[in-house]
There are 2 protein chains.
Amino acid sequence: MTKTMSRAGRPRSFDQQVALGDALDVFWRKGYEATSLDDLTEATQLSRSSFYAAFGSKRELLLHAYRRYADAFYADMKTLADEHEDAKAALRAMIKALVDARPDDRGCFCVNAIVELAPSDPELAELGRAHIQRMCALLEELITQYGTRRPLARAQAATLMTLTMGSAVFRRALVAEDTLKSVQKQALGLLGLT
Amino acid sequence: MTKTMSRAGRPRSFDQQVALGDALDVFWRKGYEATSLDDLTEATQLSRSSFYAAFGSKRELLLHAYRRYADAFYADMKTLADEHEDAKAALRAMIKALVDARPDDRGCFCVNAIVELAPSDPELAELGRAHIQRMCALLEELITQYGTRRPLARAQAATLMTLTMGSAVFRRALVAEDTLKSVQKQALGLLGLT
DNA sequence: CACATTGTGGACTGAATGGTCCACAATGCA
DNA sequence: TGCATTGTGGACCATTCAGTCCACAATGTG
């Protein structure tokens with residue numbers, strides 16, 4: 001159909017992945033609605049035309065950003081799981097990573113996006129559920145690896161995920177860091193990891 | 001300073017509390033930024049002038065709504081606590097109420113507001129922390145009433161609160177209801193309430 | 001060098017935003 | 001009844017919004 005020969009044209013003056021990262025950062029801090037196109041073009045250093053050529057629209061960009069964040073998050077956890085031989089050690093490391101995080105008010109990008117947009121954007125809601133489910137599955141698998149039976153492991157994984165998202169809300173409100181630490185300890189106790 | 005005599009004037013044609021409730025409902029469903037003044041005047045049936053006379057501004061209205069919701073929430077939990085002689089029974093009822101809720105995508109108004117606005121509105125963030133703290137204190141007190149020692153009770157209360165807020169995120173994304181049920185069971189187990 | 005092709009700056013647009021203002025309505029009191 | 005006072009409808013305002021458009025820039029190819 002399309003001509004395949006003779007492509008040329010002016011080269012891009014920016015790295016799309018870098019720009020996506022910059023945009024993600026703005027959405028993460030300010031939320032979707034509160035982020036204006038001027039915010040985005042300033043953060044990415046793109047002109048409006050380049051911006052729309054690269055990302056289509058504000059909403060599409062958010063979906064790109066969501067996928068990018070969620071995939072990176074999952075990949076990090078999977079790496080953490082693979083690095084440890086012992087499933088218990090892996091879970092300890094993951095709980096530490098999940099609940100620790102940076103003590104700023106950014107929280108978790110997924111949580112922020114879901115809370116702000118899920119009811120009005122079914123596509124994003126679906127991405128959210130998919131991410132939650134795959135995280136739960138990863139946790140569940142790990143938990144079974146040291147003898148916990150399937151239905152209990154599933155419940156524990158869901159609980160761990162719930163704690164993670166709740167902690168993200170706590171962090172968004174800058175609740176005292178000690179509180180998060182004690183929740184973390186309780187999470188370890190719940191799984192029988194002393 | 002001000003004249004105290006002779007007040008009269010046209011009477012209000014609406015109930016401020018009802019209007020506040022209607023506005024709260026819109027904020028709850030759509031979030032703050034996505035709610036326009038037209039949305040609010042339509043939901044409350046107020047003209048713009050009455051709206052501003054009654055509530056000052058969109059942001060002030062949100063703060064009113066937040067206080068109203070948080071106070072009602074706390075009052076409900078306290079009632080639930082007082083109704084039961086047995087602290088364990090009270091906690092069981094509270095966990096049921098906290099995690100059950102309606103199976104729609106509204107989530108928890110406090111969680112929604114904190115996640116969307118806390119970083120950009122320190123006053124609301126403070127309201128959020130205060131609400132969390134008083135809820136935790138209530139839970140902690142109940143937990144100590146059947147013999148759990150103070151530092152542990154505090155950690156358990158914080159964990160319960162974290163689970164509650166995480167569940168609200170789950171609900172916002174319409175995660176399967178069974179998942180919430182199993183999290184609820186885990187919460188009971190955590191407190192040793194079989 | 002000429003041309004096709006792709007990228008870019010920034011002016012521009014119509015719609016929607018939160019908020020103001022004022023003429024008029026409805027009350028109590030003298 | 002007339003006046004002071006408070007409430008209300010809705011026109012109006014400046015600003016900001018997401019998105020479009022086009023003249024021009026920068027490349028590869030012939």
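In what follows, chains are A, B, ... by sequence order, proteins preceding strands, each numbered from 1.
Counting non-hydrogen atoms under 4.0 angstrom, A:Phe14 reaches the backbone sugars and phosphates but no base.
Each of B:Arg10 and A:Ser13 lies near DNA chain C, and the nucleotide nearest A:Ser13 is the one positioned closer to the 5' end. Taking for each of B:Pro11 and B:Gly56 the nucleotide of DNA chain C with the nearest heavy atom, the 5'-most of the two is the partner of B:Gly56.
As a whole-Å value, the separation of A:Leu62 CG from D:dG19 C1' is 17 Å. Following rounding to the nearest Å, B:Arg59 (CZ) and C:dG19 (P) show an atom-to-atom distance of 11 Å. Here D:dT8 presents its P atom at 11 Å from CZ of B:Phe55, a figure rounded to the nearest Å. The interatomic distance linking A:Gln45 (CD) with C:dT8 (P) rounds to 13 Å, in whole Å. Atom-to-atom, CD of A:Gln16 to C1' of C:dT8 comes out at 15 Å; the value is rounded to the nearest Å. We find that CZ of B:Phe51 is positioned 12 Å from P of C:dT20, with the value rounded to whole Å.
Of the side-chain N and O atoms in B:Ser50, one or more sit less than 4.0 angstrom from OP1 or OP2 of D:dT8. Not one side-chain nitrogen or oxygen of A:Ser47 sits closer than 4.0 Å to the OP1 or OP2 atom of C:dT8.
Here the closest non-hydrogen pair linking B:Tyr32 and B:Glu116 is N-OE1, 2.9 Å.
Using cut-offs of 30° and 60° for the angle between ring planes, the A:Tyr66 and A:Phe109 rings count as tilted.
Of the residues B:Leu20, B:Val18, B:Asp25, the one that meets the side-chain contact (heavy atoms from CB on, under 4.5 Å) test with B:Asp22 is B:Val18.
On a pure distance criterion of 3.5 Å, a polar donor-acceptor pair joins the side chain of A:Ser49 and the base of C:dG9.
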Can you check each nucleotide of nucleotides 12-18 of chain D against protein heavy atoms at under 4.0 Å and return B for base, S for sugar-phosphate only, - for none, in 5' to 3' order?
-> -----SB

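Among residues two or more places apart in sequence or in another chain, the ring-ring contact (aromatic ring centres under 6.0 Å, His included) test is passed with A:Phe170 by none.
Listed by first and then second residue, the salt bridge (charged side-chain N to carboxylate O under 4.0 Å, His left out) pairs that reach into residues 38-55 of chain A are A:Lys30-A:Asp39, A:Asp38-A:Arg48, sequence neighbours excluded.
Side-chain N/O atoms of A:Arg12 and A:Gln16 include a donor and acceptor closer than 3.5 Å.
A:Phe73 places none of its side-chain heavy atoms less than 4.5 Å from the side chain of A:Asp71.
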